[in-house]
Amino acid sequence: MQQSSPDVRRPEAARPGGLPADLPARAIETTPERPWPVRLLSAKIADYVSKMSALWVEGQVVQLNRRPGAGVAFLTLRDADTDMSLPVSMPAQVLAAAETPLAEGAHVVVHARPTFWTKRGTLQLNADAVRAVGVGELLARIEHLKRVLAAEGVFDAERKVPLPFLPRVVGLVCGRESKAEHDVVVNARARWPQVEFVIREVAVQGVGAVPQVSRAIADLDADPRVDVIVVARGGGSVEDLLPFSNESLVRAAAACRTPLVSAIGHETDTPLLDLVADYRASTPTDAAKRIVPDVAEERARVTQARDRIRSAVTHRVAREAAGLEQLRSRPVLARPATMVEVREAEVHRLRDHARRSLDHALSGAVTSTRALAAQVRALSPAATLERGYAVVQTSDGAVVRDATSVAAKDTLRVRVARGELMATVLAIAPGRPRPATAPAGTDGDASAP
């Protein structure tokens, strides 16, 4: 398919408004040498916007201008989460026919068609119907947001951090010259006079509340001096407290690393900021009591603790002294030598008993030994020799038991009780018959004369 050269253009008639006929037809075709005039761009935008269909738009009324007798009313519709806004015009009777009278700060939905004003270069909404968002619908939206954030874990207890016992500097986000600021500062300094505050006065209701409070929390969180942040506001209607249930504000509080205290409204008010904060105070005064300790109360606790310690020590010393006195009153401590004397007497008794036992044993052993010695002596050959008997031996040491075992002139050794004799056999006498019984130990002995 053949394409035409970019330099070849179709001849066009002169454009309305005296515009040159050779201007680019599309915005993408513009160049520094062939730009669109502002009036052409405005006309293009107006033409594009005019093709949009009417739609329902939700926002918050920032400014409301309705002059008596005028046929047209004007208001500014602002996004609830940002600073973006659009002007809105509508017939005065449409505004007057609204079911709920509108005021600045009200949440509304309008049915309008976008219109671009070429001379001013602004976008405007031309409304033909307006309806206030009721409290019930707002609460239903808050409840839905609550479920969504809870499912994400934004309200989990694990995310919460404990508040410091004694913060050096407290960051306070509150309204300008508000009663909440007075309650927090005065009550906190009454409890702990040395506490310091870094105060951010912002809008706490209306169109600027969400961005201003979010920015103040972020600024205080970035300040290294601040140990705890308090967001405080007095009571108000449900509509007044809506900014503290705004999703962007709640997420800004969830991203805060510094411990955060929410003190919004009264006891019965529960905006979503209470759920994401590390501590929820029922009132600004309650927040002041929670962020700093009471110096008088702490001194009383110190005094009470010191008294308890003193009482405990005194009681312990008295108890130990009584115990020592009781021990000292016992006989073993009253007369310590008693235990040694008893043991000494026991040792002496055992020693005497052992001595007597040993003496008795020795005496018995001596008697037995003597008896045995007498028996040994009685049975000993030496005792026989003492009675006059002798032992006759040949020269080779053999005992002579028979006279016929020697011959004449044999040398014999005769052993008596005390000494030995050498004898020579002269002759052998005829033998005599042996007696029926012979004394023990005398076999072969030669009797002495």
Side-chain angles (χ1 to χ4, degrees), residues 142 146 149 154-155 157 159-193 195-206 208-221 223 225-295 297:
I142 293 175
K146 177 180 177 181
L149 296 177
V154 176
F155 304 144
R159 298 183 66 260
K160 301 182 186 301
V161 296
L163 302 183
F165 171 72
L166 184 60
R168 296 169 299 174
V169 178
V170 177
L172 177 60
V173 181
C174 58
R176 297 175 179 84
E177 299 181 358
S178 62
K179 184 66 166 56
E181 176 184 351
H182 175 271
D183 291 344
V184 174
V185 174
V186 171
N187 284 280
R189 286 178 175 166
R191 293 169 62 84
W192 197 272
V195 65
E196 298 181 15
F197 280 91
V198 176
I199 301 176
R200 295 288 188 271
E201 294 183 342
V202 297
V204 291
Q205 71 181 55
V210 172
Q212 292 184 32
V213 173
S214 300
R215 186 164 48 251
I217 292 176
D219 292 343
L220 293 175
D221 186 35
D223 191 339
R225 301 174 301 160
V226 177
D227 295 324
V228 63
I229 300 174
V230 179
V231 180
R233 186 200 189 284
S237 63
V238 175
E239 294 84 351
D240 293 338
L241 301 182
L242 284 177
F244 299 97
S245 294
N246 183 273
E247 181 177 0
S248 62
L249 176 57
V250 172
R251 293 191 181 277
C256 181
R257 296 168 298 176
T258 306
L260 183 68
V261 177
S262 174
I264 306 301
H266 299 296
E267 180 68 29
T268 56
D269 298 323
T270 55
L272 297 186
L273 183 63
D274 287 350
L275 302 179
V276 75
D278 297 301
Y279 179 81
R280 184 224 178 220
S282 58
T283 60
T285 301
D286 180 52
K289 294 180 180 179
R290 183 62 184 86
I291 58 176
V292 293
D294 188 347
V295 62
E297 183 179 343

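Every heavy atom of this structure was used, including side-chain atoms; hydrogens, water molecules and symmetry mates were not. Everything quoted here is computed from the prediction, not taken from an experiment.
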Problem set entry | side-chain contact (heavy atoms from CB on, under 4.5 Å) between Arg280 and Leu273, worked out | CA-CA 9 Å; Arg280 184 224 178 220; Leu273 183 63; over 6 Å; no

For this session: Output, in order, the C-alpha distance, side-chain angles, deciding distance and verdict of side-chain contact (heavy atoms from CB on, under 4.5 Å) for Val173 and Val230.
Result: CA-CA 6 Å; Val173 181; Val230 179; over 6 Å; no

For this session: Evaluate the criterion side-chain contact (heavy atoms from CB on, under 4.5 Å) for residue pair Val261 and Leu163; output intermediate values, then yes/no.
Result: CA-CA 9 Å; Val261 177; Leu163 302 183; 3.7 Å; yes

Problem set entry | Derivation and outcome, side-chain contact (heavy atoms from CB on, under 4.5 Å), residues Val226 and Val170 | CA-CA 6 Å; Val226 177; Val170 177; over 6 Å; no

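Atom OG of Ser262 sits about 10.5 Å away from atom CG of Asp278, to the nearest 0.5 Å. To the nearest 0.5 Å, atom CZ of residue Phe197 and atom CG of residue Leu172 are 6.5 Å apart. Atom CD of residue Glu201 and atom SG of residue Cys174 lie 5.5 Å apart, to the nearest 0.5 angstrom. To the nearest 0.5 Å, atom CG of residue Asp219 and atom CD1 of residue Ile229 are 9.5 Å apart. One distance of note links CG of Leu260 with CG of Asp274; it measures 10.0 Å at 0.5 Å rounding. We find the CD1-CZ distance between Ile291 and Arg191 to be 9.0 Å, quoted to the nearest 0.5 Å.
Of the N and O atoms on the side chains of Arg200 and Gln212, not one donor lies less than 3.5 Å from an acceptor on the other residue.
In terms of heavy-atom proximity, Asp183 sits nearest to Ala288 at O-CB, 4.0 Å. Residues Pro293 and Leu166 approach most closely at CD-CD1, 3.7 Å, considering heavy atoms. Minimum heavy-atom separation, Val295 to Pro193: CG1-CD, 4.2 Å.
No side-chain donor-acceptor contact under 3.5 Å links Lys179 to the backbone of Gly234. Using a distance-only test at 3.5 Å, with no hydrogens or angles considered, no donor-acceptor pair links the side chain of Arg233 to the main chain of Leu241. Listed for the Ser214 side chain is no donor-acceptor partner under 3.5 Å among the backbone atoms of Pro211. Looking only at distances, a side-chain donor or acceptor of Asp221 sits under 3.5 Å from a matching main-chain atom of Arg257.
Remark: Lys146 engages Glu143, Phe155, Leu272, Leu275 in a side chain to side chain contact (heavy atoms under 4.5 Å, CB included) (not counting sequence neighbours).
Contact annotation: the side chain of Phe244 approaches that of Leu249 to within less than 4.5 Å [non-hydrogen atoms, C-beta and beyond]. At a threshold of 4.5 Å between non-hydrogen side-chain atoms, the residues Ser178 and Val204 do not count as touching. In this structure, Arg251 and Ser248 have side chains that are not in contact, with every pair of non-hydrogen atoms separated by 4.5 Å or more. Residues Pro162 and Pro259 form no side-chain contact, since every pair of their non-hydrogen atoms from C-beta on lies 4.5 Å or further apart. A heavy-atom distance below 4.5 Å is not found between the side chains of Asn187 and His182. Counting only heavy atoms from C-beta outward, the side chains of Ile264 and Val231 approach each other to under 4.5 Å.
With respect to the salt-bridge test (charged N to carboxylate O, under 4.0 angstrom), the residues Arg290 and Asp286 do not qualify.
Residue-environment remark: CD (Glu177) stays at or below the threshold of 12 foreign heavy atoms within 6.0 Å.
Judged as a salt bridge (charged side-chain N to carboxylate O under 4.0 Å, His left out), the pairs with a partner in residues 164-175 (not counting sequence neighbours) are, in order, Arg168-Asp227.
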